Amino acid sequence: MTNTPSKEDVAGVDVGERRISIPGFTEEGENLSKETNAADEHSHGGVGESEEVTSGAGSRAKRHTGYDPAGFPEPSGTEEEWRFTPLKKLAGVLSDQPTHGAGTDQESVDYQVSEGQQGVEISTLTDGQSPRGSVLQPADRAAVLGYKNTEQALYVKITEGAEVTEPVRITITGTAAGARANSHIVLETEPNAKAVFVIDHRGSADFNGNLEVKVGEGSTVNVVSLQRWNDDAVHVGQHDAEVGKDASYKHVAVSLGGEVVRLNTNFRYAAEGAEAEMYGLYFADAGQHIEHRTFVDHNSPRNTSNVLYKGALQGSSARTVWIGDVLIRKAAEGTDSYEKNQNLVLTDGARADSVPNLEIETGVIEGAGHASSTGRFDDEHLFYLMSRGIPEKIARQLVVRGFLNEVVQKIQVPSIEESISEELERELEISGN
Amino acid sequence: MSTLEIKDLHVSIETEQGTKEILKGVTVTISSGEIHAVMGPNGSGKSTLASTIAGHPRYEVTSGSITLDGQDVLEMDPDERAQAGMFLAMQYPVEVPGVTMTNFLRTAKTAIDGEAPKLRTWTKEVREAMEKLKIDADFASRNVNEGFSGGEKKRVEILQLELFKPKFAVLDETDSGLDIDALRVVSEGVNRAQSENNMGTLLITHYTRILNYIKPDYVHVFVDGRVAEQGGPQLADELEENGYDRFLAAV
């Protein structure tokens, strides 16, 4: 990887800014425990990213959330949470509209849910029916409109103590490009349950989809969200989780297809003793905009969080954005938190933005660290591998597969891991290398 | 018995100031089992020669030839050159993100041999070669050259030399940045590859220090893109004594 710091341009790679935001703390506050985070993991001031310490004005604690669309005016593009996003392409999902053809056979999306497993209860929830709305708090205009325009939310509950062996698969297929679809899914586990949910997004649509996950006490939940849309699909969504006492939660986002994908994935805690992780893997080709925003809200003491997002980019105008917010509130003593984003730029003309924001309101924590790097696979890497007999195509595959495999392995559903690996191979074919 | 023949090689690079000729007619012939030392001051074109032999795209051959047992090397892509039995130990080995040493070594060995090495014997072979070069076992699971020190990178180049068993190796300032212990370990590796594989070697260096460990059969003095003088090992001794002044004055 290229390691020369400079502003906005590293060896021809455009990279975005990175900032840390720690009100009341110096920059050293970003990594308070040497034991938990090795110094070399800590690419402070790393690859080609400018840096500024922001004040509390942009604090996640003060970000508006709510259920009334009037509270979220149409974005102009200058707002902090929209400034990286191609708003023109999102006009369809940011308008206050019902699902196209709702309730008819012309409906813009088709839902398939795998049924028949013990301990899995499938039903729907209208607005106001608990637990709908108890976890997800719309944090931007897209989310609030998706919430409002979904009459019946799909509700999957895992009953107390159930250990569901096969993944619960929810396949969402868009049927027409530009056709508006609103979606709201509620997943809940009762105490001490264990389940894997796979949400597979395919086809074409203007898809506005929210997901809320209520992770019961002592439960183990793995949510895998696959964005394997056609090239003309647009997807905005907010995935929120509340992680119960001593529970374990993992969210894996895999974004490969779609013209624009913008996912906000967030979690907070209901109590203490929980472990929560968010992983992401994305591959942007020419013309694609893939944006992930993660927010870890350490709102209660003695919980652990880990975030790792990795992306590859190839082709002119391929664009990725990762914004990683971590807020450690005053009450969250004993927190242990880490977040990292790494991007690999394979060709000229692609741009990766990477912005970790770490806010720490208490000094009594186990650890809080972040790292961000954007490197490129360049002619020197290629020459090195080729000079060892490795043909160009295999050399590229070797590098990208190796780089992204760390996240693929986090899926831990063998059939999905396999199909993602195959799709990554196909992505590499697209580049014509 | 193989022969690597470099004839009247002219090489240019593109710079911001236009095309610049770096090699101005280099002729060297190396046969299996021979060690040729190429010595010369900075900027004399030694590394350009090394990179050109390996096929780095930055260097344009404007005339002359490189052949390996009569085969036109200049027609080959870098991977084909390696598959034909050539190896370049780089002066600045590149860090490759995302690829572990284990995966890299196996992939390269497979490409060079045209078939995958038998896993059990290969694993053992890699482990033993690493031990001999005093490379920690945990390097196998690290990404290629990532975070390695200068000396570690050089050892890993020689590790590849021993494992890939090329017919001809070009060692581009392998001795630079090595402390005395590392220099000895690395030199022993080169000597092993030399004697076990009857390898032909082009050893590029600034200093005569490495020649205490790796004994050259021939010494070529490189000045301003040409071989200014050739001789036996005693030429290195003379350089050690008098430096390059005698040659530079003539430029």
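It should be emphasised that the depicted structure is a prediction, and the values quoted were computed from it without experimental measurement. In what follows, chains are A, B, ... by sequence order, proteins preceding strands, each numbered from 1.
Within the structure, no pair that satisfies the ring pair (Phe, Tyr, Trp, His ring centres under 6.0 Å) test touches residues 150-177 of chain B, not counting sequence neighbours.
Of the two parts of Pro166(B), neither the backbone nor the side chain holds a non-hydrogen atom closer than 4.5 Å to a non-hydrogen atom of chain A. For chain A, the nearby part of Asn145(B) is the side chain; its heavy atoms alone come within less than 4.5 Å. The contact between Ile394(A) and chain B is made entirely by side chain atoms (from C-beta outward), counting heavy-atom distances below 4.5 Å.
Among Gly389(A), Ser387(A), Ala395(A), the residue with the largest count of heavy-atom pairs under 4.5 Å with chain B is Gly389(A). With chain A as the partner, the residue from Val94(B), Val99(B), Leu88(B), Asn103(B) showing the most heavy-atom pairs under 4.5 Å is Val94(B). When the candidates Pro57(B), Gly147(B), Gly55(B) are compared by the number of heavy-atom contacts under 4.5 Å with chain A, Gly55(B) comes out ahead. Options Met86(B), Arg58(B), Met90(B) differ in how many heavy-atom pairs under 4.5 Å they form with chain A, and the most are formed by Met90(B).
Arg228(A) and Ser419(A) share a side-chain donor-acceptor pair at under 3.5 Å.
Using non-hydrogen atoms only and a strict 4.5 Å limit, the part of residues 72-80 of chain B facing chain A consists of Asp77(B), Pro78(B), Asp79(B).
Ring centers of His56(B) and Tyr59(B): under 6.0 Å apart, within the cut-off. A centroid separation of less than 6.0 Å is found between the aromatic rings of Tyr282(A) and His292(A).
With sequence neighbours left out, Arg401(A) forms a salt bridge (Lys or Arg N to Asp or Glu O under 4.0 Å) with Glu425(A).
A cation-pi arrangement, defined by a distance under 6.0 Å to the six-membered ring centre and an angle within 45 degrees of its axis, is present between Lys310(A) and Phe403(A).
Counting only heavy atoms from C-beta outward, the side chains of Glu291(A) and Trp322(A) never approach each other to under 4.5 Å.
For the pair Glu157(B) and Lys153(B), the salt-bridge criterion is not met [side-chain N within less than 4.0 Å of a carboxylate O].
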N/O donor-acceptor pairs under 3.5 Å from side chains in residues 112-125 of chain B, not counting sequence neighbours:
unit_1, atom_1, unit_2, atom_2, d
Asp113(B), OD2, Lys109(B), NZ, 3.3
Thr121(B), OG1, Lys118(B), O, 3.1
Thr123(B), OG1, Leu119(B), O, 2.7

